[in-house]
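Working notes for the structure below.
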Amino acid sequence: MKTSELKYKSSQMVWPKAPYNFGATVFKPSHYPDLTKVYEPDKYWFPLRFRGGIYGVKLINRGTVNKPKIQLFIFSNKPQNKKGIQDIITEVSYRFEFNHDISEFNKKFKKDKVLGPFIKRLRGMRMNCAYDLYGLLMIGIFLQNTVVRRTVQMTNSMLSEYGAKVRFDNKEMFCFWKPEEMMKVPEQDLRVLKVGYRAKLFIKTSKTFVKEKIDEFVLRRMPREEIKKELLKIYGVGPETARILLEECFHSRGVFEHVAPWQQKIYSHLLFNKKLVPAKKIVRYIQKNWGEWATLASHYIWEDIFWQRKNGKKIEWLEREIRL
DNA sequence: CATCAGGGCCCTG
DNA sequence: CAGGGCCCTGAT
């Protein structure tokens, strides 16, 4: 495989809207590890497919939660111009919610009996999505109907075979293939990589992306319910994958309507201190308590336990559910 | 050894 | 609307 060397570099300073929690926003400990990004405390590297090109983006935290400041480096394989740089910054701002105003969320719930402690620990955390819609959909397919270990294995083998390897700032990582490429791959070639029946999904959804000219920039301007309707039309996208895409890629934060069985167990522990509470009850509870902020609220509750785990706390019941 | 379910989804009856 | 099948793998 050919590695793209991104040797042209530019640097800009950006000031996200406070409060902005850099670490908790760029890195999500609940996500499975893969080769598409690199995280170190206060630093984050990822490839960005944008307008037909691949760029390398590096974010460095130069501020605090209350006085956020981020240095944003762009790496490319050809010289950069002002307009291009500005457009990439706008895109990264969208993906990492630099300009979202969450002050109302904090004000409203910092003394909330349930949510308060979570907000205290993760204050300024937002949703993020380093991927474009197509990339995140690929992740969604890797997640379907399997355990995390196998998801990781499938992702890595597919990236090594079909991904675009990029190198910048002395880091190497993979960017997902383009749908135009994947739609032409014979199903048998994918089956060899042990992705099972997902082989068909990768090819079919790629064809859909190309033929229907699915454009996430158009979707972003539509109301949530419209986006959801469009996403569910894609073969292989059901309620859970749509939820992932809506929350992460489209930054939808007001509607909480679906929990997968795995999440159901974890929310049952965290919110009800019980082994298994009916999914419907969990959904109602979260939506009722935190209304137009329900998704963001659930995100705080969700990520918190994984941060504790990352920071070395042993949580027996959680380990059983993760099974890495 | 066999059987089963897993961070779903589609299709069928 | 319930239930079976799908790839593969580790757990039982």
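Every chain is numbered from 1, with letters handed out A, B, ... down the list of sequences.
- As the counterpart of C/dC7, no nucleotide is assigned, since no Watson-Crick or G-U wobble pattern has both distances under 3.5 Å.
- No option in A/F256, A/W262, A/F118 other than A/W262 meets the ring-ring contact (aromatic ring centres under 6.0 Å, His included) test with A/W302.
- The residue A/S30 sits close to a base: some heavy atom pair falls under 4.0 Å.
- Among the atoms of the strands shown, none is found under 4.0 Å from any heavy atom of A/L232.
- Regarding A/F142, its CZ atom lies at a distance of 17 Å from the C1' atom of C/dT9, rounded to whole Å.
- Taking the P atoms as reference points, C/dC6 lies 16 Å from B/dT3, given to the whole Å.
- Closest to the A/R150 side chain, of the nucleotides B/dG8, B/dG7, C/dC7, is C/dC7.
- Within 6.0 Å of atom NZ in A/K17, 12 or fewer heavy atoms from other residues, nucleotides or ligands are found, so the atom counts as exposed in its surroundings.
- Taking the side chain of A/Q144 as heavy atoms from C-beta on, and the options C/dC7, B/dC9, B/dG6, the nearest nucleotide is B/dC9.
- Of the candidate nucleotides B/dC11, B/dG6, B/dC9, B/dG6 has the atom nearest to the side chain of A/N145.
- Rounded to whole angstrom, the span from the NZ atom of A/K200 across to the P atom of B/dG8 amounts to 18 Å.
- Of the candidate nucleotides B/dG7, B/dG8, C/dC7, C/dC7 has the atom nearest to the side chain of A/R198.
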| message | Let's go through A/K229 and A/E225 carefully: what are the C-alpha distance in whole Å and the side-chain angles of both, what is the deciding distance for salt bridge (charged side-chain N to carboxylate O under 4.0 Å, His left out) to 0.1 Å, and is it a yes or a no? | response | CA-CA 6 Å; A/K229 220 173 81 191; A/E225 289 314 303; over 6 Å; no

| task | Could you give me the CA-CA distance, side-chain angles and deciding distance for A/K107 and A/E104, then say whether salt bridge (charged side-chain N to carboxylate O under 4.0 Å, His left out) is met? | result | CA-CA 5 Å; A/K107 206 168 119 191; A/E104 188 199 304; over 6 Å; no

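- B/dG8 atom P lies 15 Å from atom CD1 of A/I139, rounded to whole Å.
- Rounded to an integer number of Å, the gap from A/Y32 OH to B/dG7 C1' is 11 Å.
- Close to C/dT9, at under 4.0 Å from its OP1 or OP2, lies no side-chain N or O of A/R149.
- Nucleotide B/dC10 holds its P atom 9 Å from the NZ atom of A/K204, rounded to whole Å.
- In this structure, A/L201 atom CG and B/dC11 atom C1' are separated by 14 Å, rounded to whole Å.
- Rounding to whole angstrom units, CG of residue A/L193 and P of C/dT9 are separated by 12 Å.
- Of the two residues near DNA chain B, A/I244 and A/V237, the one whose nearest nucleotide lies more 5' is A/I244.
- Here the rule is side chain to side chain contact (heavy atoms under 4.5 Å, CB included) with A/V92, and of A/L72, A/D87, A/N128 only A/L72 fits it.
- Phosphate proximity of C/dT9 to A/K194: present, with a side-chain N or O under 4.0 Å from OP1 or OP2.
- You'll find that the side chain of A/Y235 is closest to B/dC11, out of B/dG7, C/dC7, B/dC11.
- Side chain of A/E240, nearest nucleotide from B/dG7, B/dC9, C/dC7: B/dC9.
- Atom CD of A/Q153 and atom C1' of C/dC8 are 9 Å apart (whole Å).
- In terms of position along DNA chain B, the nucleotide closest to A/T146 lies nearer the 5' end than the nucleotide closest to the other residue of the pair A/T146 and A/P239.
- Applying the 4.0 Å criterion to OP1 and OP2 of B/dC9, one finds that A/T241 has a side-chain N or O inside that range.
- Comparing B/dC10 with C/dT9, their P atoms are spaced 24 Å from each other, to the whole Å.
- Taking atom C1' in both B/dG7 and C/dA2, one finds a spacing of 22 Å when rounded to whole Å.
- Taking the centre and axis of the six-membered ring of A/F217, the NZ or CZ atom of A/R220 falls inside the cone set by 45° and 6.0 Å.
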